Amino acid sequence: MPSLVIVNADDFGLSAHTNAVILHGFQAGLISSATAMANMPAFNAACSLAQLPALHGRIGLHFNLTYGRPLSEAIRTQPRLCTPSGEFDLRLKRRTLRLRPAEREAIEQELHAQWQHCLNQGLMPSHLDSHQHVHNIWPIGEIVARFAAREGVPVRLARNLGHNINPAKQVFKALLNRRIKQLCGVTADYVCTPVDLRAGLAPDSGVLELVAHPSALGGHDFGDAYLGTGESLKALVEQRLAGVPRVGYGSLGVSKDGVMVT
């Protein structure tokens with residue numbers, strides 16, 4: 001069993017309905033962490049909810065480069081990042097290893113703008129991950145990790161548990177995760193989805209992040225976008241991770257210089 005598990009709900013702020021499900025998940029003790037989308041319609045409401053005791057200090061930034069409109073200007077002129085009308089339209093291949101200088105600068109500015117928008121709404125993000133895992137694209141991952149190091153917060157690793165990770169992907173993810181750790185310091189040791197957990201792939205030790213997209217099943221039960229219709233995320237977590245404390249990324253204790261503190 002892992003020593004700790006971070007059950008992180010992505011997409012906080014996407015809609016009022018998503019906010020309500022995630023809030024309920026926190027109150028039910030299932031969700032222990034979430035990440036907010038700074039450019040989405042229900043973001044301001046998510047920031048207000050983040051001040052509640054069950055959520056306070058447990059909300060990170062879900063860096064978004066794929067959905068909606070950016071919060072900064074320079075990125076709107078980059079044809080591999082946005083449409084001519086200024087909507088996100090990321091057209092970088094997953095194996096991209098280099099960015100053009102203008103693209104790198106634009107992504108850095110957008111990350112800063114989304115982070116600052118959190119601060120302006122009274123939300124100090126506890127950690128960083130990304131919508132549709134765009135920081136698994138190597139140069140974007142480096143940008144995100146360097147930014148996180150400056151702000152003293154962890155970054156989600158690339159998913160490193162799963163039967164469908166072929167040998168080539170395993171090598172790439174291992175190298176990317178090593179680089180993220182080099183740049184930002186402390187993070188979780190393992191990342192998986194509810195499907196991976198159902199397959200019995202929970203690690204024997206270390207800190208595990210379970211990436212969740214919860215849905216309401218009625219009452220105090222929850223499903224997940226990764227699971228089948230009517231399948232309970234709550235029952236799965238209670239069965240596979242019984243007795244493992246659920247924490248937020250803030251419990252990992254990252255300082256400004258990326259050193260673990262107690």
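Remember, predicted model here, so these are calculated numbers, not experimental data.
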Across all chains, not counting sequence neighbours, the side chain to side chain contact (heavy atoms under 4.5 Å, CB included) partners of Asn120 are Gln116

Relative to the ring of Tyr249, is the ring of His127 parallel (under 30°), tilted (30 to 60°) or perpendicular (over 60°)? parallel

Residues pairing under ring pair (Phe, Tyr, Trp, His ring centres under 6.0 Å) where one sits in residues 73-93, two or more places apart or in two chains, turn out to be none

Residue pairs passing the ring pair (Phe, Tyr, Trp, His ring centres under 6.0 Å) test with at least one member in residues 182-217, sequence neighbours excluded, are His213-Tyr226

Residues which pass side-chain hydrogen bond (donor to acceptor under 3.5 Å, both in side chains) with [X], listed by chain and number, not counting sequence neighbours:
X	answer
Trp115	none
Thr229	none
His24	His220
Gln170	none

_No-hydrogen, no-angle side-chain donor-acceptor test under 3.5 Å, Asp11 and Thr18_ = no

Exercise. May I ask you to check whether Ser72 and Gln109 show a side-chain donor-acceptor distance below 3.5 Å?
Key: no

Checking side-chain contact (heavy atoms from CB on, under 4.5 Å) for the pair Val207/Ser3: CA distance, chi angles, key distance, verdict? CA-CA 6 Å; Val207 179; Ser3 58; 4.3 Å; yes

Do [X] and [Y] have side chains that approach each other closer than 4.5 Å (heavy atoms only, starting at C-beta)?
X	Y	result
Ile59	Phe26	yes
Leu210	Cys192	yes
Arg156	Leu128	no
Val7	Leu241	no
Leu49	Ile22	no

Supply the atom-to-atom distance [X] [atom1] to [Y] [atom2], rounded to the nearest 0.5 angstrom.
X	Y	atom1	atom2	result
Ile6	Ser251	CD1	OG	7.5 Å
Thr66	Asn64	OG1	CG	4.5 Å
Gln78	Ile107	CD	CD1	8.5 Å
Asn136	Arg95	CG	CZ	16.0 Å
Leu81	Asp89	CG	CG	9.0 Å
Leu99	Ile143	CG	CD1	5.5 Å

Could you pull out the closest heavy-atom pair between [X] and [Y], with the gap in Å?
X	Y	value
His62	Asp129	ND1-OD1, 2.6 Å
Asn8	Ser33	OD1-OG, 2.6 Å
Phe222	Ala28	CE1-CB, 3.8 Å
Tyr67	Asn39	O-ND2, 3.0 Å
Val191	Leu157	CG2-O, 3.6 Å
Ala148	Pro154	CB-O, 4.5 Å

Would you list the pairs meeting salt bridge (charged side-chain N to carboxylate O under 4.0 Å, His left out) in which at least one residue belongs to [range], sequence neighbours left out?
range	answer
residues 215-226	none
residues 228-250	Arg198-Glu231
residues 24-50	none

Test side-chain contact (heavy atoms from CB on, under 4.5 Å) applied to Asn44 and His117, step by step: CA-CA 10 Å; Asn44 289 357; His117 195 42; 4.1 Å; yes

Atom [atom1] of [X]: over 12 foreign heavy atoms under 6.0 Å:
X	atom1	value
Lys169	NZ	no
Asp204	CG	no
Arg178	CZ	no

Under the 3.5 angstrom rule, does the side chain of [X] hit a backbone N or O of [Y] as a donor-acceptor pair?
X	Y	answer
Arg146	Leu183	no
Lys173	Arg159	yes
Arg76	Pro70	yes
Ser232	Gly223	no
Arg58	Ser32	yes
Gln51	Gly122	yes

inquiry  = Please evaluate residues Val237 and Val5 with respect to the criterion side-chain contact (heavy atoms from CB on, under 4.5 Å), reporting the C-alpha separation (whole Å), side-chain torsions for both, the decisive distance (0.1 Å), and the verdict.
reply    = CA-CA 10 Å; Val237 171; Val5 62; 5.7 Å; no

Tell me whether [X] shares a hydrophobic cluster with [Y], the cluster being built from Ile, Leu, Val, Met, Phe, Trp, Tyr side chains joined at under 4.5 Å.
X	Y	value
Phe43	Leu71	no
Met37	Val211	no
Leu201	Leu197	no
Leu208	Ile165	no
Phe147	Leu65	yes

Only residue of Thr35, Leu61, Asn19, Ile31 satisfying side chain to side chain contact (heavy atoms under 4.5 Å, CB included) with Phe12 is Asn19

Sorted by chain and residue number, the ring pair (Phe, Tyr, Trp, His ring centres under 6.0 Å) partners of His133 (sequence neighbours excluded) come out as none

Those residues at least two apart in sequence (or on a different chain) that pass ring pair (Phe, Tyr, Trp, His ring centres under 6.0 Å) with His135 are none

